Participant: 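The following block contains the structure, expressed as structure tokens.
Counting starts at 1 for both ligands and their atoms, in listed order. This is a predicted model, so every value here is computed, not measured.
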Amino acid sequence: MKPDLKSLTQDEVARLLIKQGHPAYRSTQVIQWTYERAAESFDAMSNLSLPLRQWLAAEFDLWTVKELREQHSTDTTEKFLWQLRDGQLVETVLIPATPGLTSRSDRHTVCVSTQVGCAYGCKFCASGLNGFRRNLTTGEIVDQVLAIVRMGRTAGIRVGDAPPKPDPEFRVQNIVVMGMGEPLANYDNLMKALKIINAPWGLNIGSRKITVSTCGLPDQIKKLATEPLQIRLAVSLHGTNDKIRDQIMPVNRKHPVGELVEACEYYAKTKGRMMTFEYILIEGVNDDLNLADQLSAMARRLHAKVNLIPYNPVEGLRWQRPSMDRCHAFAARVKSRGVAATLRIEKGGDIGAACGQLRLQTMRKTSPDVPAES
Ligand code: SAH
């Protein structure tokens with residue numbers, strides 16, 4: 001197998017080129033074509049000589065995700081379903097920061113996947129319904145962002161009902177690692193991808209604009225605390241005690257709340273940075289106002305922000321979102337305890353933008369053995 005160019009750092013590419021007798025500046029050119037200009041093939045690297053392009057094509061793989069489907073939400077969130085080399089499907093979501101505006105300077109957030117399927121089987125989530133297939137490679141994580149950049153620049157990204165408009169200046173400002181899969185279970189590939197996404201020679205996205213979300217793997221949270229990269233951490237808490245968390249998140253049976261909190265304390269102490277607790281509100285499961293008090297106490301202790309997300313129902317699953325009144329009351333209660341909390345009105349709800357839903361719908365259409373219920 002040829003090395004995948006987008007799984008390599010600039011230094012690694014330079015070393016391979018120098019080893020074969022090419023001058024080091026060639027690697028700068030190749031890297032610029034790959035990231036700054038989002039080239040899809042070595043052929044497109046027009047200021048390189050034909051023999052060099054042929055040599056590169058023989059030595060490296062410059063593979064791109066293939067678009068299978070896209071969905072547009074009325075709030076301008078867009079979701080893309082990609083096919084990978086081995087036929088597996090992953091999703092990427094593009095979320096404009098200012099929905100409804102057509103300005104070209106809109107900030108864009110890209111939500112990337114890290115695994116095909118998921119092994120953690122949270123009961124409310126579509127990603128794990130069909131089990132875990134494999135980790136994504138570094139290049140497959142990086143190319144999800146590049147694919148959006150290519151599309152924005154050449155075909156155009158749709159904003160609302162307007163037809164897609166190409167934008168040569170199109171940029172992605174934020175990355176959230178909240179797509180399919182458990183990012184911290186694919187630690188090494190993810191960290192390398194984030195280095196490439198962050199690097200000035202790569203996608204040049206500021207580390208503080210990158211958020212990694214985890215279902216709560218204590219050892220990996222501690223490991224992340226020692227990384228030099230200043231990315232943001234979000235923890236999918238969804239329950240403040242073992243009784244609730246055990247019911248909806250099987251990972252809690254292995255790593256109960258106490259262990260998770262200890263890892264979060266370590267992270268907060270080591271990094272000295274605020275983390276975010278994500279808390280999906282599910283009717284009758286975790287939306288009692290007493291739980292808002294427990295959540296506030298935990299958040300205060302860990303100096304964490306709270307992101308409340310009304311549950312986005314998944315076809316075939318029994319969980320429901322509470323009434324908006326209940327969601328607002330829960331948020332008000334958390335805030336009244338002095339915690340920075342936001343109630344996120346889920347974007348892309350009408351296109352099934354919650355993890356894994358588009359892939360699941362597509363798989364159900366094409367293969368009847370995909371379970372409709374868990
Ligand atoms: N595995 C990681 C990242 C992927 S999920 C994690 O668990 O954090 C990103 C976020 O979406 C998580 O907080 C997850 O619990 C949440 N989520 C999954 N399905 C959802 C749904 N149907 N509605 C709302 N949020 C959902």
Side-chain angles (χ1 to χ4, degrees), residues 73 77 79 90-93 95 109-132 135-136 141 144 175-187 190 194 210-218 220-221 224 231-239 244-245 247-252 254-255 260 263-264 275-283 285-287 295 304-322 327 342-361 373-374:
S73 159
T77 299
K79 186 162 194 172
V90 287
E91 303 175 350
T92 304
V93 184
I95 311 151
T109 295
V110 171
C111 173
V112 297
S113 295
T114 51
Q115 298 182 314
V116 180
C118 183
Y120 288 85
C122 295
K123 300 285 186 219
F124 48 79
C125 177
S127 293
L129 276 183
N130 202 30
F132 170 72
N135 279 331
L136 295 188
I141 299 171
Q144 290 173 60
I175 300 287
V176 291
V177 188
M178 295 187 182
M180 267 201 313
E182 169 47 45
L184 298 189
N186 186 12
Y187 195 92
L190 170 72
L194 294 184
I210 301 174
T211 303
V212 172
S213 175
T214 177
C215 65
L217 306 183
Q220 284 88 331
I221 289 175
L224 196 65
I231 51 175
R232 294 177 185 276
L233 175 67
V235 174
S236 296
L237 194 62
H238 308 333
I244 294 176
R245 243 180 153 251
Q247 188 193 344
I248 53 178
M249 301 178 79
V251 66
N252 196 70
K254 195 156 174 218
H255 303 293
L260 174 58
C264 290
M275 71 184 83
T276 301
F277 282 143
E278 288 162 281
Y279 194 96
I280 326 176
L281 289 160
I282 309 176
E283 189 179 54
V285 173
N286 64 359
D287 61 342
L295 177 60
K305 288 186 283 196
V306 170
N307 211 348
L308 298 165
I309 310 149
Y311 180 62
N312 203 350
V314 174
E315 201 190 318
L317 299 185
R318 62 194 161 95
W319 319 94
Q320 292 303 326
R321 106 178 359 193
C327 294
T342 49
L343 177 63
R344 197 170 74 196
I345 307 305
E346 185 81 18
K347 288 183 181 157
D350 57 332
I351 58 168
C355 310
Q357 291 193 49
L358 182 58
R359 170 173 174 265
L360 194 70
Q361 285 162 11
E373 298 206 24
S374 80

Participant: Taking non-hydrogen atoms only, is His238 closer than 4.0 angstrom to ligand 1 via side chain, backbone, both or neither?
Facilitator: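 Contact part for His238 vs ligand 1: side chain (C-beta onward).
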
Participant: Answer yes or no: is there a side-chain heavy-atom contact under 4.5 Å between Leu237 and Leu260?
Facilitator: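 Leu237 reaches Leu260 side chain to side chain.
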
Participant: With a 3.5 Å distance limit and no angle check, can you tell me whether Tyr311 reaches the backbone of Phe124 through a side-chain donor-acceptor pair?
Facilitator: yes

Participant: Which bit of Phe124 is near ligand 1, meaning a heavy atom under 4.0 Å away: side chain, backbone, both or neither?
Facilitator: both

Participant: Taking 4.0 angstrom as the limit and counting only heavy atoms of Glu278, give me the atoms of ligand 1 inside it, by number and element.
Facilitator: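 Taking each heavy atom of Glu278 in turn, ligand 1 has 10 (C), 13 (O) under 4.0 Å.
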
Participant: Would the distance check show the side chain of Ser127 and the main-chain N or O of Gly181 forming a donor-acceptor pair, the cut-off being under 3.5 Å?
Facilitator: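 No.
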
Participant: Between the side chains of Thr214 and Gln220, is a donor N or O closer than 3.5 angstrom to an acceptor N or O?
Facilitator: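 Short answer, no.
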
Participant: With a cut-off of 4.0 Å, which atoms of ligand 1 are near a heavy atom of Cys215?
Facilitator: 6 (C), 7 (O), 8 (O)

Participant: Run the numbers for me: atoms of ligand 1, each under 4.0 Å from some heavy atom of Cys125, listed by number.
Facilitator: 18 (C), 19 (N)

Participant: Using a 4.0 Å heavy-atom cut-off, say whether Val314 meets ligand 1 through its side chain, its backbone, both or neither.
Facilitator: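 Looking at Val314 and ligand 1, just side chain atoms fall under 4.0 Å.
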
Participant: Mind checking whether Val235 contacts ligand 1 via backbone (N, CA, C, O), side chain (CB onward), both or neither, at a 4.0 Å heavy-atom cut-off?
Facilitator: neither

Participant: Which of the numbered atoms in ligand 1 are under 4.0 angstrom from any heavy atom belonging to Tyr311?
Facilitator: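 Near Tyr311, meaning under 4.0 Å from one of its heavy atoms, ligand 1 has 21 (C), 22 (N), 23 (N).
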
Participant: Going by distance only, is there an N or O of Gly181 that falls short of 3.5 Å from an N or O of ligand 1?
Facilitator: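 Right, the criterion is met.
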
Participant: So which bit of Glu182 gets within less than 4.0 Å of ligand 1, heavy atoms only: side chain, backbone, both or neither?
Facilitator: both

Participant: Measure Ala126 to ligand 1 on non-hydrogen atoms and call it side chain, backbone, both or neither using the 4.0 Å cut-off.
Facilitator: neither

Participant: Could you check whether any side-chain N or O of His238 sits under 3.5 Å from a backbone N or O of Ile280, counting only pairs where one atom can act as donor and the other as acceptor?
Facilitator: yes

Participant: If hydrogens are left out, which of Gly179, Ser213, Ala234 has an atom nearest to atom 4 (C) of ligand 1, that is, the closest non-hydrogen atom?
Facilitator: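 Answer by nearest heavy atom: Gly179.
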
Participant: With a cut-off of 4.0 Å, which atoms of ligand 1 are near a heavy atom of Pro183?
Facilitator: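 So the atoms of ligand 1 that pass are 1 (N), 2 (C), 3 (C).
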
Participant: Could you give the distance from CD1 (Ile248) to OG (Ser236), rounded to the nearest 0.5 Å?
Facilitator: 10.0 Å

Participant: Does even one non-hydrogen atom of Gly216 get within less than 4.0 Å of ligand 1?
Facilitator: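 Gly216: no contact with ligand 1 (<4.0 Å).
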
Participant: Using the ring-ring contact (aromatic ring centres under 6.0 Å, His included) criterion, which residues pair with Phe132? Sequence neighbours excluded.
Facilitator: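 Applying ring-ring contact (aromatic ring centres under 6.0 Å, His included) to Phe132 gives none.
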
Participant: Distance from Ile231 atom CD1 to Leu190 atom CG, nearest 0.5 Å?
Facilitator: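 Ile231 CD1 to Leu190 CG: 6.5 Å, rounded to 0.5 Å.
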
Participant: For Cys327, enumerate each residue passing the side-chain contact (heavy atoms from CB on, under 4.5 Å) test, keeping only those at least two apart in sequence or located in another chain.
Facilitator: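 So Cys327 forms a side-chain contact (heavy atoms from CB on, under 4.5 Å) with Leu281, Pro310, Pro322, Met324, Leu343.
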
